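Reading through the C-alpha cells given below for one structure.
Owing to the predicted nature of the structure, the values given are computational and were not obtained by experimental measurement. Starting from 1, each residue takes its place in the sequence as its number.
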Amino acid sequence: YEEKILKTIDEDVSSNAELVRNQVEQETEALRQDQLSFYKEGLKKETDTYLEKELSELRFYAATKSSKDKMDTKKKLLQLRQSLTAQLFDEVSSDLHRFTSSGDYEKWLQKHLEEVHISEDGVFAAREQDKKLLAKLLAARGLHNKIETAYLEIGGFLYRDDAAGIEYSCTLDDKLKEARGWFRNHSGFRVEESEDAA
C-alpha cells in the first residue's frame, strides 16, 4: 500500500515537474531563436567561482584594447543573460498566477488532495484567497479539517499531521523553484569565454 502511495506521489511530482519543465523549455527555445544564436558558444559555464576567475583575468589584460573589449563584451553577455533569465521566470510566474484564477486550478487542487491520506487531526495551510476553495473541496469529501493561512506567493497547499508525523507540500511556489533549479542545471544557458575570441 505504501509503495502504491509513493508511486502515485512520484508520478505526480514527475508530471508537475514535466508541465513546468515543458513551459520553461518552450520559452527558452523562443529566446534562443531570435536572441541567443550569436553568442551560443560563449554560454556553457555558470558558477560564481568561474565568473570571479574570468573577471580577474579580464582585469589583468585590461591594459590592452582587446582585453578591454573582451571585458565589455563579457559584462554585456552576463547582463543580457541575467535579464533574459529574469524575464523568462517572470513570465512563468505570471502564467502560474493566471493558472490559480482558472477552473483548472480547482481540478489541480482536487487531484492532489485525493493523493493525500487525510486524517481528522490533519491541518492544512493555504493562501487566504484559497482557503474557501480548499474547504469546499474537503467538504465534498466529507472532511472538515482546520485550514490555516500560510504565505504562499502563488498557490497550492501544505498538509501536516503531527500525530502521524506526516508533512506534505503541494505548492506552485515549490514547482517554480524546482523549475529554476532545473533550468540552471540543464538549460545550456551559461557563459564561457571562447579562446578564439581572445
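- Under a hydrophobic clustering in which Ile, Leu, Val, Met, Phe, Trp and Tyr are joined whenever their side-chain heavy atoms come within less than 4.5 Å, directly or via other members, L172 and L176 fall into the same cluster.
- Note that OH of Y168 and NE2 of H117 are 14.0 Å apart. Values are rounded to the nearest 0.5 Å.
- R127 places none of its side-chain heavy atoms less than 4.5 Å from the side chain of Y151.
- A164 meets the side-chain contact (heavy atoms from CB on, under 4.5 Å) test with D161, I166; sequence neighbours excluded.
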Verdict with supporting geometry, K131 and T149, side-chain contact (heavy atoms from CB on, under 4.5 Å): CA-CA 8 Å; K131 287 169 69 175; T149 302; 2.9 Å; yes

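- Residues F124 and I154 are members of one and the same hydrophobic cluster, defined by side-chain heavy-atom contacts under 4.5 angstrom among Ile, Leu, Val, Met, Phe, Trp and Tyr.
- Among residues two or more places apart in sequence or in another chain, the side-chain hydrogen bond (donor to acceptor under 3.5 Å, both in side chains) test is passed with Y105 by D130.
- By the 4.0 Å N-to-carboxylate-O rule, D162 lies close enough to R160 to be salt-bridged with it.
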Does the side-chain contact (heavy atoms from CB on, under 4.5 Å) test come out yes or no for R141 and Q110, once each step is laid out? CA-CA 10 Å; R141 296 175 58 191; Q110 185 173 9; over 6 Å; no

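- Side chains of F157 and L109 form a contact here, defined as non-hydrogen atoms less than 4.5 Å apart.
- Here E153 pairs with nothing under the side-chain hydrogen bond (donor to acceptor under 3.5 Å, both in side chains) rule; sequence neighbours left out.
- Considering only residues two or more places apart in sequence or on other chains, E106 meets the side-chain contact (heavy atoms from CB on, under 4.5 Å) condition with L133, K136, L137.
- Nearest heavy-atom pair, H112 versus C170, reported as atom, atom and distance to 0.1 Å: CG-SG, 3.3 Å.
- If you take CD on Q129 and CG on L152, they are separated by 9.0 Å, rounding to the nearest 0.5 Å.
- In terms of the side-chain hydrogen bond (donor to acceptor under 3.5 Å, both in side chains) criterion, residue partners of D174 (sequence neighbours excluded) are, by chain and number, S169, T171.
- Contact check for I118 versus Y159: side-chain heavy atoms found under the 4.5 Å cut-off.
- Residues I147 and L138 form a side-chain contact, since some pair of their non-hydrogen atoms from C-beta on lies under 4.5 Å apart.
- Although no hydrogens or angles enter the test, the distance criterion places a donor-acceptor pair under 3.5 Å between the side chain of N145 and the main chain of G122.
- For E120, there are no side-chain contact (heavy atoms from CB on, under 4.5 Å) partners at least two apart in sequence or on another chain.
- Aromatic ring pairs are classed by plane angle as parallel below 30°, tilted from 30° to 60° and perpendicular above 60°; the pair F99 and W108 is perpendicular.
- Closest heavy-atom contact between A126 and G156: CB-O, 3.9 Å.
- A chain of hydrophobic side-chain contacts below 4.5 Å, direct or via other Ile, Leu, Val, Met, Phe, Trp or Tyr residues, connects L143 to L113.
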